[in-house]
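To start, the structure itself, in structure tokens.
What's counted below: heavy atoms across the whole structure, side chains too, no hydrogens, waters or symmetry copies. We name chains A, B, ... by the order of the sequence lines, and we start the count at 1 in each one.
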Amino acid sequence: MTLDLVLFFALAAVAVGAALGMLFSRNAVYSALFLILNFATIAVFFLLLGAPFIAMAQVTVYAGAIMVLFLFVIMLLGAEQTQGRHRGGWQRPLAGLLTIALIVESVYLIFVRSDLVILIQPAASDYGSPQALGELLFTDFLLPFEVTSVLLLAAMVGVIVLTKEDKKKQS
Amino acid sequence: MVPVSYYFALSAILFALGAMGVLIRRNAIIVFMSVELMLNAANLLFVAFARSFESLSGQIYVFFVIAVAAAEVAIGLAIIVAIFKSRQSIDIDEMSSLKG
Amino acid sequence: MEAFNLVPLIVIFPVMGLLLNLAFGRRIGERGAALIGIAAVSGAFVVSVLQALWLAAHHEAVIVPIADWISIGNLSIPWAFRVDTLSVTMMLVVSGVGTLIHIYAAGYMHFDVRYKEDPGSFARFFIYLNLFIAAMMILISGDSYLMLFVGWEGVGLCSFLLIGFWYQRNPDGTKGLLNSQAAKKAFVANRVGDFGFLLAMFILFWATGTLSFDGVFEHAEELAPGIILGVTLLMLLGVTGKSAQLPLYVWLPDAMAGPTPVSALIHAATMVTAGVYLVARSAPIFSALPAAQVTVATVGALTAFFAATIAVGQYDIKKVLAYSTISQLGFMVAAVGMGAYVAGMFHLVTHAFFKALLFLGSGSVILALERAHHPLGSHHDEKGKHKEKKHEHFDPQDMREMGGLRKQIPLTYRVYLIGALALAGIPPLAGFFSKDEILTDALHANVIVYGLLTAAAFLTAFYMGRQILLVFFGGPRSHAAEKAVESPSTMTIPLIVLAGLSILGGLLNFPGIHPLTHWLEHTLGHELAHATEFNIAVALFSTLLAVGAIYLAWTIYGRQPLKANEPDPLSNTLGRAFVGMENKWWVDELYVALIINPYKRIAAVLADVIDWQFWHDWVHDSLLAGGFRRLAHFLAEPFDLGVIDGIANGLARLAKGLARGFSFGQTGFVRNYALVTFFGVVLMLGYLVFSS
């Protein structure tokens, strides 16, 4: 049991725990906070896997911007808890059963049936450095990168249109 | 060193939990957050594979997933706000007008 | 600039004229429409004169290509004009006489459209006339049989349009369809001839590979006699149609239903001579086979004699002239048939002068009577009275209603007399020289033809004497004849000009100098255009005959002028023969009995038995419709309702049931759907786990 493994299992436990916490919190705000914790642990995993740039993006964009947006919407709508009767009681146990089945199946496939038991080797010194990533982004992936900007613009316009007050209805 | 298959297993577990969240929660925002969790599980897998194959393309892919996710979240939340405006609720079980 | 480059203008001018009248004719009034029409034709005349002057200096034929027309494989037929002495002679006649008749028509139609109560038709008349001139010019100036045929058909169309110009009336002015039927008759009779001409063209093309005149004539001597015989006889069929020869002449008398200028222009002076022109143009082919020549000459001579006998028994002033025209065309056809092409063309030209004069003169007479019968002034004031008058039957063309007109319309009388004497062949008028040349040629070529033509010439002089005496001498036999009015100057000036031409026309080919012979020599060649020596014996004999015939006519009609409602004195003398002449030897009735009635019977049999009973009743109703009905019944009842509907309804029921079953799954809850999807993912992974 090396230090790496200890660290991995500890972080994995935190990540799974945070995910479970998000799932079962009654209050949506707590759920969001658990998710932020989950994202943070995953960012640490990214760091361990030699992806510092992605890790920073994960923290700033996901854990930062996106989750703030979630929190903002939750509080704006006052939708911390859902009211009303819960229908379809049979769905919960079935979903849990299926989830367990999925986990068992995939773990079985990963550890027993596949030959993917590769140990992670020490990587080259500049592997995953923002500079290397940037170079790749602006050479081989230039077109998708530029298209992403159009996608973000479209999303922005879409949001404005969706949430705009309909003037005709008001008048 | 940690075998890369451990990361795969972790990713699978997180993905399954995210899926379970979609299935058992009625709160649209939490359903949405579960979807984000699934996306993250997939991202983790990408990065792990990138590491094991010593290729940066996986990381680039994750970068794009994050960008798309940002757009998706913006739109999704806008839709939720719009639904809330018209129905005063974000319980997705209230939204069953597609019933056959 | 060489003059022959202008030759397309002879077609373009009339076409422009008709287009202008078509566009503006109704708006610019009668004067404008008439001026445009006259200007178009006189423009063509000026161009024709320029061609003649140029040709007088150069003699050689010129071909002026305009454009490619048909070009398929080896066949190449261009639009090309041919300027040679023969075509220019025709151009001068057509455009010259045409111009005079246009001027005359401007005066004549002014009254005619009012008597026919349709003043709007004035411009229409000039459109048709210009169209006719254009088509006639194409006919005579084309450089190939096909172009000639285009013109040939074009003038046929114009003839149809103009005969039926008053298509809602009868020839005597009452409402009816007889004019239309006359037009139809002309068209159908011409069609029979055209079919012959077409076949002749096909054979020529098959044998020589070309249709241009020069190309065909180059091969003329190499052709087998059988082919030449076929071509010439089929062409003769075309000639009998267009130039009104036996047996297809029957349309021409009925064609007098058209307004009188039309009779003069188309059915006397120009169009009907197209057949003569065709034979003269095809001289190398006809000359290559004597048998063909004899046939043509015989047909012409027979027609000349036959039509002359009918002309003697006619009362309608225009019918007399119509049969006279047929007879004179017979002279021309006989002449070109004998190889006397120059004599034929000479007679064509002089005949154009005096026959146009006679027709226009008859128009003047008719109009004089019509105007006396119901003056135009009273037309508007006393409309009721005028209509009442119309009911009492009055035919202004009936010579029995005339008489003594020389005092009322002296000018018309004088020019008419000149025309009649020219036609009768009294020296030194134009008809004497041309007819005499034909007779001299006939004497050399064929005695039978000579005999027939001489007899026809005698009859010609007789019926013209009869006509003059009936119309202008004696006492008036009707109210209208007493008050006949002289025509206006637009009508009389062309008459005077034509009278002058009828007097001087003989100079064209004056015996001894023969200008026309030398002129046509350049086109026909020395052998075909031989100068005929003046034969004093023939001339003297025919002159004596003509004078004798006129004297005979005077003894019958002149000594004791015909009284009103008195029968023709000739009917007593000739008895049954006159009845035959009067009834045109029952040729029309013969045609009805021999061709039209059997045709109708065949048509009736085809319609009733073949079409109706066999085809319609049996094949359609019993076989097809009955069978179809039974099949349809079978398909409808057991098959459609049972099988097809069963399948369709079963499918529908199945789909409905399935839909009802599946719709239970459509809860509308997103999470249910997601659960099913998730279940699928688990199943797929399970398959991976348990497979292999």
Given that the side chain runs from C-beta out, which part of [X] has a heavy atom under 4.5 Å from chain A: side chain, backbone, both or neither?
X      : value
S55(B) : backbone
E36(B) : both
V68(B) : both

For [X] and [Y], work out which heavy atoms get closest and say how close.
X      : Y       : answer
A71(B) : L152(A) : CB-CD2, 4.0 Å
L56(B) : A132(A) : CD1-CB, 3.7 Å
A74(B) : L69(A)  : CA-CD2, 4.3 Å
M22(A) : R25(B)  : O-NH1, 3.9 Å
I30(B) : S31(A)  : CD1-OG, 3.5 Å

Between [options], which shows the greatest number of heavy-atom pairs under 4.5 Å with chain A?
options                : result
V73(B), L77(B), I66(B) : L77(B)
A78(B), S89(B), S57(B) : A78(B)
A19(B), G58(B), S34(B) : S34(B)

> So, do Y6(B) and L5(A) sit near enough that their side-chain heavy atoms are less than 4.5 Å apart?
Replying inline: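 Side chain of Y6(B) against side chain of L5(A), heavy atoms only: contact under 4.5 Å found.
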
>> So F145(A) and I60(B), do their side chains get closer than 4.5 Å, heavy atoms only?
In response: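 When only atoms from C-beta onward are counted, F145(A) and I60(B) do not touch, as no gap falls below 4.5 Å.
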
>> If only side-chain N and O atoms count, and only distance matters, is there a donor-acceptor pair under 3.5 Å linking Q58(A) with N40(B)?
In response: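 Per modelled atom types, N40(B) and Q58(A) side chains form a pair under 3.5 Å.
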
> Side chain, backbone, both or neither: which part of V61(A) has a non-hydrogen atom closer than 4.5 Å to chain B?
Replying inline: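 Contact with chain B involves the side chain of V61(A) alone.
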
> What part of M156(A) lies closer than 4.5 angstrom to a heavy atom of chain B: side chain, backbone, both or neither?
Replying inline: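 M156(A) has no heavy atom closer than 4.5 Å to chain B.
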
> Strictly under 6.0 Å, is that where the ring centroids of F63(B) and F141(A) end up?
Replying inline: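 Aromatic pair excluded; centres sit 6.0 Å or further apart.
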
> How many angstroms lie between atom CG of L102(A) and atom CE of M20(B), to the nearest 0.5 angstrom?
Replying inline: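 Answer for the CG-CE pair, L102(A) versus M20(B), is 11.5 Å.
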
> Got a second to check how far F70(A)'s CZ is from I29(B)'s CD1, nearest 0.5 Å?
Replying inline: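 Going from CZ on F70(A) over to CD1 on I29(B), the span is 7.5 Å.
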
[options]: which one forms the most heavy-atom pairs within less than 4.5 Å of chain B?
options                        : answer
L162(A), L23(A), L7(A), I66(A) : L23(A)
L98(A), T163(A), I54(A)        : I54(A)
Y62(A), F72(A), F24(A)         : Y62(A)
D140(A), L109(A), V16(A)       : V16(A)
A32(A), G158(A), A65(A)        : A32(A)

> Heavy-atom count around F8(A) CZ within 6.0 Å, excluding the residue itself: above 12?
Replying inline: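 Yes, enclosed.
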
> Within a radius of less than 6.0 Å around CD of E146(A), do more than 12 heavy atoms belonging to other residues, nucleotides or ligands occur?
Replying inline: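 Yes, CD of E146(A) has more than 12 neighbouring heavy atoms, counting only those of other groups under 6.0 Å.
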
Compile the donor-acceptor pairs under 3.5 Å between side chains in residues 8-17 of chain B and protein atoms, sequence neighbours left out, one pair per line.
unit_1	atom_1	unit_2	atom_2	d
S11(B)	OG	A41(B)	O	2.8

> Do the side chain of Y127(A) and the main chain of R51(B) share a donor and acceptor less than 3.5 angstrom apart?
Replying inline: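 Yes: the side chain of Y127(A) pairs with the backbone of R51(B).
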
Hey, can you pull the donor-acceptor pairs under 3.5 Å for the side chains in residues 36-53 of chain A, sequence neighbours left out?
unit_1	atom_1	unit_2	atom_2	d
N38(A)	ND2	A15(A)	O	2.9
T41(A)	OG1	L37(A)	O	3.4
T41(A)	OG1	N38(A)	O	2.5

